[in-house]
Peer 1: 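One structure, pasted below without further comment.
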Amino acid sequence: MTTAPLPRLLIIDDCDANLVFVRYMMTALGADFDIARSETEAKALLAGESYGAVLIDHQPSRINALGLLDWMSGLEVKPRALVTTTDPSRQIIQRLFDAGCDHFLHRPLSANALCRLIPDMLFGRTDGLALAG
């Protein structure tokens, strides 16, 4: 009997400090993930691979989640999107959800939030230990 591969996560972020934390958390959860450090890299990975979810750090001057979400709407299989930002204004949050964001997190990220949301996004459940093992 062949088992289906676990859904993969694409982390889109260019900040080393953010990546150290997110890498640690995703490894602890047992998640299968790739990292893109630019929009160009993210688009290349998304065009060639299937991901269950993406974690996008929205930094309009460096990584524009709105542009990526718009581009992703044209994918045959669109992954679920979790966007993080340091700007929790109502206007930004509304624009992100209008563009196709599934979840939003304000930075700085917490381990609790990632352990709750990532398994839900990948598997439709909130048990943070569901990915382990």
Peer 1: Report yes if the side chains of H106 and T84 come closer than 4.5 Å at any heavy-atom pair, otherwise no.
Peer 2: no
Peer 1: Under a 4.5 Å side-chain heavy-atom rule over Ile, Leu, Val, Met, Phe, Trp and Tyr, are W71 and L55 clustered together?
Peer 2: no
Peer 1: Side chains of I11 and I56: does their closest heavy-atom pair fall under 4.5 Å?
Peer 2: no
Peer 1: Has H58 got a side-chain atom pairing as donor or acceptor with V83's backbone, closer than 3.5 angstrom?
Peer 2: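 Between the backbone of V83 and the side chain of H58 there is no qualifying donor-acceptor contact (under 3.5 Å).
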Peer 1: What pairs with A113 under side chain to side chain contact (heavy atoms under 4.5 Å, CB included), at least two apart in sequence or on another chain?
Peer 2: L105, S110, R116
Peer 1: Within a strict 4.5 Å, meaning less than it, do heavy atoms of the R95 and L66 side chains meet?
Peer 2: yes
Peer 1: Under 3.5 Å, which donor-acceptor pairs link side chains of residues 46-54 to any protein atom two or more places apart or in another chain?
Peer 2:
{"from": "E49", "atom 1": "OE1", "to": "R8", "atom 2": "NH1", "distance (Å)": "2.8"}
{"from": "Y51", "atom 1": "OH", "to": "D34", "atom 2": "OD2", "distance (Å)": "2.5"}

Peer 1: May I ask you to test the L109-F21 pair for a side-chain heavy-atom distance under 4.5 Å?
Peer 2: yes
Peer 1: On a heavy-atom basis, which atom in L75 and which in P79 lie closest, and how many Å separate them?
Peer 2: CD1-CD, 4.0 Å
Peer 1: Which pairs pass salt bridge (charged side-chain N to carboxylate O under 4.0 Å, His left out) with one or both residues in residues 99-114, sequence neighbours excluded?
Peer 2: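 As it turns out, the salt bridge (charged side-chain N to carboxylate O under 4.0 Å, His left out) pairs with a partner in residues 99-114, which skip direct neighbours, are D13-R107, D57-R107.
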Peer 1: Sort and list the pairs that fulfil salt bridge (charged side-chain N to carboxylate O under 4.0 Å, His left out) and have at least one residue in residues 70-82, not counting sequence neighbours.
Peer 2: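 Salt bridge (charged side-chain N to carboxylate O under 4.0 Å, His left out) check on residues 70-82 returns no pairs.
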Peer 1: Please identify each residue that fulfils salt bridge (charged side-chain N to carboxylate O under 4.0 Å, His left out) with R62, with sequence neighbours left out.
Peer 2: D14
Peer 1: Name all residues meeting the side chain to side chain contact (heavy atoms under 4.5 Å, CB included) criterion together with S89; count only those two or more places apart in sequence or in a different chain, and write none if there are none.
Peer 2: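 For S89 the side chain to side chain contact (heavy atoms under 4.5 Å, CB included) partners, ignoring immediate neighbours, are D87, Q91, I92.
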Peer 1: Apply side chain to side chain contact (heavy atoms under 4.5 Å, CB included) to Y24 and list each qualifying residue two or more places apart in sequence or on a separate chain.
Peer 2: none
Peer 1: Test your reading of the model: is there a side-chain donor-acceptor pair from E39 to the backbone of L68, 3.5 Å cut-off?
Peer 2: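 A pair under 3.5 Å: no.
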Peer 1: Any side-chain heavy atom of I35 sitting closer than 4.5 Å to one from V22?
Peer 2: no
Peer 1: Checking D98 now: which residues fulfil salt bridge (charged side-chain N to carboxylate O under 4.0 Å, His left out) with it, not counting sequence neighbours?
Peer 2: none
Peer 1: Run the side chain to side chain contact (heavy atoms under 4.5 Å, CB included) test against A36 and tell me which residues pass, sequence neighbours left out.
Peer 2: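 A36 satisfies side chain to side chain contact (heavy atoms under 4.5 Å, CB included) with L10, I12, E41, A42, L45 only.
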Peer 1: Please, which pairs that meet salt bridge (charged side-chain N to carboxylate O under 4.0 Å, His left out) have at least one residue in residues 16-28, sequence neighbours excluded?
Peer 2: D16-R37
